[in-house]
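Data block below; observations after.
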Amino acid sequence: MSHEKDLASRRRFLKAAAGTAAVAVVAGSLPRFARAADLPHVSESDPTAKALGYVEDAGKSGNPKRKPGDVCSNCQFYSAGSGGYGPCQLFPGKSVNAKGWCVSHTPKA
Ligand code: SF4
């Protein structure tokens with residue numbers, strides 16, 4: 001009986017968490033620096049990207065260190081660009097996917 005209640009509240013929590021992540025992605029992808037569009041995109045096969053476990057689609061990261069909702073657009077090393085990509089301080093001269101992720105993700109202050 002109480003087990004079923006636990007399950008129901010957990011489902012509610014997961015739904016709320018998913019909604020929050022979607023809002024963060026939309027807010028983070030608003031273009032601010034048009035120049036960022038010119039920067040080449042970081043490739044997942046780039047040695048630094050591999051070392052940091054960078055993925056273009058955070059949802060596809062199987063890394064246990066990733067917390068739900070963590071994406072490049074809400075990381076303090078990310079600057080909003082355009083077209084869904086923006087510069088990341090860890091990849092100088094390149095841009096990362098706003099919906100991407102790597103192990104160095106640090107929530108914006
Ligand atoms: S440091 Fe942050 S912005 Fe840069 S790739 Fe990692 S998660 Fe994305």
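Both backbone and side-chain heavy atoms feed into the values below; hydrogens, waters and symmetry mates do not. As the structure is a computational prediction, the values presented were derived from the model and not from experiment. The residues of the chain are indexed from 1 along the displayed sequence. Start at 1 and go down the list; that is how both ligands and their atoms are numbered.
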Could you pull out the closest heavy-atom pair between V71 and K99, with the gap in Å?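 Heavy atoms of V71 and K99 come nearest at CG1-O, 3.9 Å.
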Quick one, Y85 and V42 - any side-chain contact, counting heavy atoms below 4.5 Å?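 Not in contact.
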Counting no waters, what protein N/O/S atoms lie under 2.8 Å from atom 2 (Fe) of ligand 1?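 Within the sphere that stays under 2.8 Å of atom 2 (Fe) of ligand 1, the protein atoms of type N, O or S are C75 SG.
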Sequence neighbours excluded, which residues qualify as salt bridge (charged side-chain N to carboxylate O under 4.0 Å, His left out) partners of K50?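 K50: no salt bridge (charged side-chain N to carboxylate O under 4.0 Å, His left out) contacts found.
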Using side-chain contact (heavy atoms from CB on, under 4.5 Å) as the criterion, point out the one residue from T48, N97, L90 that pairs with Y54.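 Of the listed options, the one satisfying the test is N97.
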So, does N74 use its side chain to make a donor-acceptor pair with the main chain of G69 at under 3.5 Å?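 Present.
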F91 neighbourhood, listing ligand 1 atoms whose heavy-atom distance to it stays under 4.0 Å: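 Once the distances to F91 are compared, the set is 5 (S).
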Tell me, with the steps shown, if F91 and L52 meet side chain to side chain contact (heavy atoms under 4.5 Å, CB included). CA-CA 11 Å; F91 295 97; L52 295 177; 3.8 Å; yes
